[in-house]
Amino acid sequence: MYTQSLNEPSSRPVEALDDAERLARFQARIDAEEKIEPKDWMPDAYRQTLIRQISQHAHSEIVGMLPEGNWISRAPSLMRKSILIAKVQDEGGHGAYLYSAAETLGVSRAELIEQLLSGRAKYSSIFNYPTPTWADTAAIGWLVDGAAIMNQIPLCRCSYGPYARAMVRVCKEESFHQRQGYHAMLSLARGTPSQRRMAQDALNRWWWPALMMFGPPDTASHHTGLSVKWKIKRFTNDELRQKFVDFTVPQAEFLGLTVPDPVLRKGDDGHYITGALDWSEFNAVLKGNGPCNAERLRERRTAHDDGAWVREAAIAHAAKRSARAVA
Amino acid sequence: MNAMAQEASKAPTFTYAIRQADTALILAQRLSAWIGHGPAIEEDLGFANIALDLLGQARLLYAYASEIESQGRSEDDFAYLREECDFLNVTMAEIPNGDFGFTIVRQCLLDCWRLENFERLTHSTDSRLAEIAAKSVKEIRYHLKYSAGWLVRLGDGTAESHRRVAEALAQLWPYVHEWFVEDAAESALVALGVVPAAADLREAFDKRLALILAEATLSRPADVEYRWFGKRGQHTEHLGRLLGEMQSLHRAHPGAQW
Amino acid sequence: MSQTQDWPLFEIFVRAKSGLDHKHVGSLHAADAAMAIEHARDLYTRREEGVSLWVVKSSDIVASDPRDSDALFTPAADKIYRHPTFYDIPKEVETL
């Protein structure tokens, strides 16, 4: 799930003039809502923008397995344990679908993973926050997956075919994630005083980071132009954020929990007005200074490095086997 | 089974169901620690699926044990509110994961035994056990396909992978022993046709495993003296830590609903 | 960090239920075909999406070139007589 709008088009110059005609034909196809498929001609900047966006999305899914995975061993009932395993498993699946979509653009998964592990690639900064209590797994499902769905549903109509198809699959599974999260939150909110406290504390910590998942405000986001023109992106960050707030505040009220925003109120047009977001924190986490950036990457690197001998052995065995088949 | 036999089989069947349930639960707990940490994303998904199957099996078996016992204990009471010595899982399930190869060897050994056992349980004179086995056996067949496939790849892969799984096999082999030591409760159930005879199982297990080990270019370790009987509640030091973690949240909030 | 070669890429086709064609759903990495089947099962059929799987090494697929699309596919466009709707049949003639 979890694109956040750090996905800006590549800053490379759009192709030279002799490509003007191909570019015009390409744009005409996009304007006609035709899908672009892997072997079709596409401007290099379109390709690079997609590679970056899809791989960031894939990395986010893979890193996103860790904060919730933290609670699998301690899930408080066998039912919740099963649900959480299935959910974290789906995230791995989403990462795999997305790497697969990225690979259709001519980049290898090994390269992309290398970019993640070396710290050169970005992933959604939401996963650099810790999950100290069980309620965090519930809050992530409800708020983080909820925000993700808001971001992702428009991507099912993205102009690039393999990405759009992967997102259809992801979105179907994602609604299970949000619903299980809210369901778990509901049990806590209706539970003992200490469960309620846990739930409120998780809402306090996840509310603002969830709002920031939609990316910088439109006034500060310079690069949405091309993404919109190419129909990779269909709504602005602020439009999606507003929709999320409008949906989520009543859900919090139903839980009997308080949204940690003292100035939050409903405007005359029926839309909620929130307090100002602290973008300095967002930028700090994005730059690698969040509470768990180093830890998350270290865990991914360890898994990758510890698995090297396994991946090599599988290749060696496959080679031996095909040699034996030939002989 | 007639009424008297049914009554007589109650206590041993309860113990047997708990042994199988605990084995599935503890193994699921171990396997699920791999999720997010495996050698490839695809392997994370594979272990997660096996863990989910095992949890499902454990829950069915706890439900049946609870029926037999008729004291209204829930699956979570069994999983979260018992002590180390109450757990009757076979010892191998609680042995820590080690590296990927170690986990695969542990899984493959357990899968071989569980498959032979559950295949026979589908013919049990206890219809509830037979039902649970019929559902589980399809899952276990897949688990073994997965773990045996990996054991062959690692055994026949590189010199390093061969060395790692050969060492794992030597370390884990002693824990196989208890699966085939019938105690009085089990013998009573064998006589009633509820569970398969240990000797029978051993032969089938040895045969099945021999084929896999041959393909993996591994040899069966020598049998050694054995001390652990997890299925009688005699555990290694590892189980206490596992339960400490698994039960911590549940125990911290007595009576809470989740 | 170790730099090892990734497993080969396989394309995955799933038959949703018997009676339907296998349909391309995406790709994945596996060291061999048996592993590709297992991975495909875990990745693409977690929610009963399939009853049968095909896995094909991506490098074994030969695709038509989009630059040839005009030559390959547009000549079919004017052969409208291939379609049953081309033929106007009097209403009185039934079961045709």
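Sequence lines set the chain letters: A, B, ... in the order given, protein chains first and strands last, and positions in each chain run from 1. Values below: all heavy atoms of this structure, side chains included; hydrogens, waters and symmetry mates excluded. Since the model is a prediction, treat every value here as computed from it, not as a measurement.
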A/Arg80 vs B/Leu249 side-chain heavy atoms within contact, under 4.5 Å: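 The answer is no; the side chains never approach within 4.5 Å.
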We want to know whether B/Thr158 and A/Glu312 form a side-chain donor-acceptor pair, criterion being a heavy-atom distance below 3.5 angstrom. no
If we define contacts as heavy-atom pairs under 4.5 Å, which of A/Gly69, A/Ala316, A/Ser82 has the most with chain B? A/Ser82
Does the pair A/Lys81/B/Glu75 count as a salt bridge with the N-to-O cut at 4.0 Å? no
Backbone N or O of [Y] within a donor-acceptor pair of the [X] side chain at under 3.5 Å?
| X | Y | value |
| --- | --- | --- |
| B/Glu245 | A/Arg74 | no |
| B/His250 | A/Pro76 | yes |
| A/Arg311 | B/Pro39 | yes |
| A/Glu91 | B/Gly36 | no |

Would you compute the distance between atom CG of A/Leu66 and atom CD1 of B/Ile35 and round it to the nearest 0.5 angstrom? 11.5 Å
Is it the side chain or the backbone of A/Leu78 that comes within 4.5 Å of chain B heavy atoms, both, or neither? both
Closest approach of B/Leu45 to A/Gly93 (non-hydrogen atoms, all atoms of both residues):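 The answer is CD1-N, 3.7 Å.
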When only pairs under 4.5 Å are counted, which of B/Leu25, B/Leu154, B/Ile104 shares the most heavy-atom pairs with chain A? B/Leu154
